[in-house]
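Here is the structure we will look at.
Note that the structure is predicted; figures quoted are calculated from it, not measured. When a ligand or atom number is given, it counts from 1 through the structure's own listing order.
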Amino acid sequence: MTSPLGSVPDAIIVGGGVIGLSAAWLAARAGMRVSVVDPAPGRGAAWVAAGMLAPAGEAAYGEEALTRLHLAAAARWPSFAADLEEAAQDQVCYRACGTVAVAIDASDRTALEDVLEFKRSLGLRADPLSASECRRLVPALAPGIRGGAVFPDDHQVDNRRLVTALIEACRRSGVEMVSEEASALRRTPTGGVDGVELRDHRFLPAGAVVLAMGWRTRTIGGVPPEVLPPVRPVKGHILRLRGDPAEPLLERTVRALVHGRSCYLVPRLDGSLVVGATVEERGSDERLQAGAVHALLDDARQAVPGLDELELEECATGLRPGSPDNAPFVGWTSLERLAVATGHYRNGVLLAPVTADGVVALLAGADVAPVLAPFSPDRCL
Ligand SMILES: Cc1cc2nc3c(=O)[nH]c(=O)nc-3n(C[C@H](O)[C@H](O)[C@H](O)COP(=O)(O)OP(=O)(O)OC[C@H]3O[C@@H](n4cnc5c(N)ncnc54)[C@H](O)[C@@H]3O)c2cc1C
């Protein structure tokens with residue numbers, strides 16, 4: 001087996017999803033030689049995602065450290081997006097549009113009021129609104145909604161434009177893209193890792209290896225199972241609808257509680273609307289199921305009835321990299337020169353810039369920022 005590379009790169013990143021590509025681009029910008037191994041870069045969960053950057057909407061009980069990380073990530077987004085657009089010479093459509101959350105019935109309103117109090121206790125901006133205030137902000141809302149809230153700091157980016165721009169920025173900054181599947185890591189006699197074996201039997205040597213394979217991170221060969229953190233696939237159904245950019249149905253994201261279930265509607269500048277998403281524990285099953293599509297559409301149109309007029313363009317599923325505490329794993333493993341960046345679950349797009357900063361710090365021999373430090377790969381082993 002021989003290396004196709006001229007000399008050994010500082011790092012090989014296995015997995016060119018939103019996490020791996022962001023890390024590769026920033027590492028190359030920092031002057032490192034980087035390769036990304038992925039047969040289909042940008043086509044994992046990041047392609048089907050909604051692109052919400054939602055620290056308030058995603059804040060959950062018992063996840064205070066994760067919420068602090070989400071807040072740091074949201075604050076990092078404007079400069080990350082601006083730098084990326086310049087590097088790629090392309091738009092990612094980062095949109096500081098805020099989010100309105102609405103309740104469909106009285107018990108949804110009670111549930112929403114409870115979580116608002118919790119979110120505000122964490123320092124998040126989450127201001128209650130009456131039903132008419134909601135409709136003033138979002139005229140397309142159903143007349144019967146029972147009230148809601150505004151999350152002024154929950155924004156969005158077009159995730160497909162994002163990964164496309166990341167691939168271009170990687171290319172322009174000299175990242176080598178290797179279009180093949182990684183099959184195993186090669187171990188050194190001292191127990192470290194010195195490169196990656198590919199499905200086509202080539203071997204790529206590397207100064208360090210970063211596993212960023214999303215939910216598949218534990219499928220790489222050559223590593224004892226106890227070294228890698230427990231990530232699992234968590235299925236999500238999601239829909240894309242086409243609207244008229246001249247007369248957009250929505251100007252900001254809507255999150256809706258609909259008789260105890262939740263859904264969201266994310267409007268793009270091109271008039272399209274992303275409606276998501278189910279959260280299902282079904283292993284690696286990616287089948288599109290009629291019942292899930294029906295339930296999502298039905299919930300979303302109860303919040304925004306004008307949805308009925310839009311063209312249904314795409315129904316899709318994706319697999320999020322879930323972790324036992326819903327938080328990512330970013331850091332060195334117990335094997336020398338092997339790091340992981342995975343387990344970003346529902347917020348990998350939001351967390352991509354802070355994760356990439358962390359990976360660059362690790363590769364440079366530094367510590368990750370304190371806000372990322374609680375998310376080491378060994379915390380669930
Ligand atoms: C329905 C849905 C909606 C979502 N909405 C949002 C949202 O609004 N906001 C948000 O922040 N997040 C959202 N997410 C979550 C987000 O998409 C993920 O957290 C994020 O994509 C994880 O990034 P990743 O790079 O780890 O994984 P992925 O994006 O899945 O990328 C993994 C990559 O690894 C590659 N790979 C796998 N195995 C190998 C191998 N053996 N060799 C080489 N390459 C390999 C794959 O080809 C893929 O390109 C959503 C996810 C889903 C499914």
Which residue from [options] reaches closest to [atom] through any of its heavy atoms?
| atom | options | answer |
| --- | --- | --- |
| atom 47 (O) of ligand 1 | T219, V18, D38, V48 | D38 |
| atom 29 (O) of ligand 1 | A352, A46, P321, S22 | A46 |
| atom 11 (O) of ligand 1 | L350, T355, V234 | L350 |

Would you call the rings of Y94 and W77 parallel, tilted or perpendicular if under 30° counts as parallel and over 60° as perpendicular? parallel

Near [X], which atoms of ligand 1 are under 4.0 Å from a heavy atom of that residue?
| X | value |
| --- | --- |
| E181 | 40 (C), 41 (N), 42 (N) |
| H344 | 19 (O) |
| N347 | 10 (C), 11 (O), 12 (N) |
| M52 | 7 (C), 8 (O), 9 (N), 10 (C), 11 (O) |
| G318 | 53 (C) |
| G51 | 7 (C), 8 (O) |

Ligand 1 and [X], any nitrogen or oxygen pair closer than 3.5 angstrom?
| X | result |
| --- | --- |
| A49 | no |
| V14 | no |
| I19 | yes |
| E180 | no |
| A341 | no |

Would you check if R216 and E181 make a side-chain contact, meaning some heavy-atom pair closer than 4.5 Å? no

Within a strict 4.5 Å, meaning less than it, do heavy atoms of the L363 and D10 side chains meet? no

Heavy atom of [X], distance to ligand 1 below 4.0 Å:
| X | value |
| --- | --- |
| P39 | yes |
| G276 | no |
| W215 | no |
| V37 | yes |

Please answer whether the main-chain N or O of G207 pairs with a side-chain N or O of R337 as donor and acceptor at a distance below 3.5 Å. yes

Pairs meeting criterion salt bridge (Lys or Arg N to Asp or Glu O under 4.0 Å) with involvement of residues 49-59, two or more places apart: E58-R255, E58-R346

In a check of side-chain contact (heavy atoms from CB on, under 4.5 Å) between W25 and each of V360, D83, V36, which one passes? D83

Show me the side-chain donor-acceptor pairs of residues 142-153 shorter than 3.5 Å, one per line, residues at least two apart or across chains.
residue	atom	partner	partner atom	Å
D153	OD1	R125	NH2	2.8
D153	OD2	R125	NE	3.0

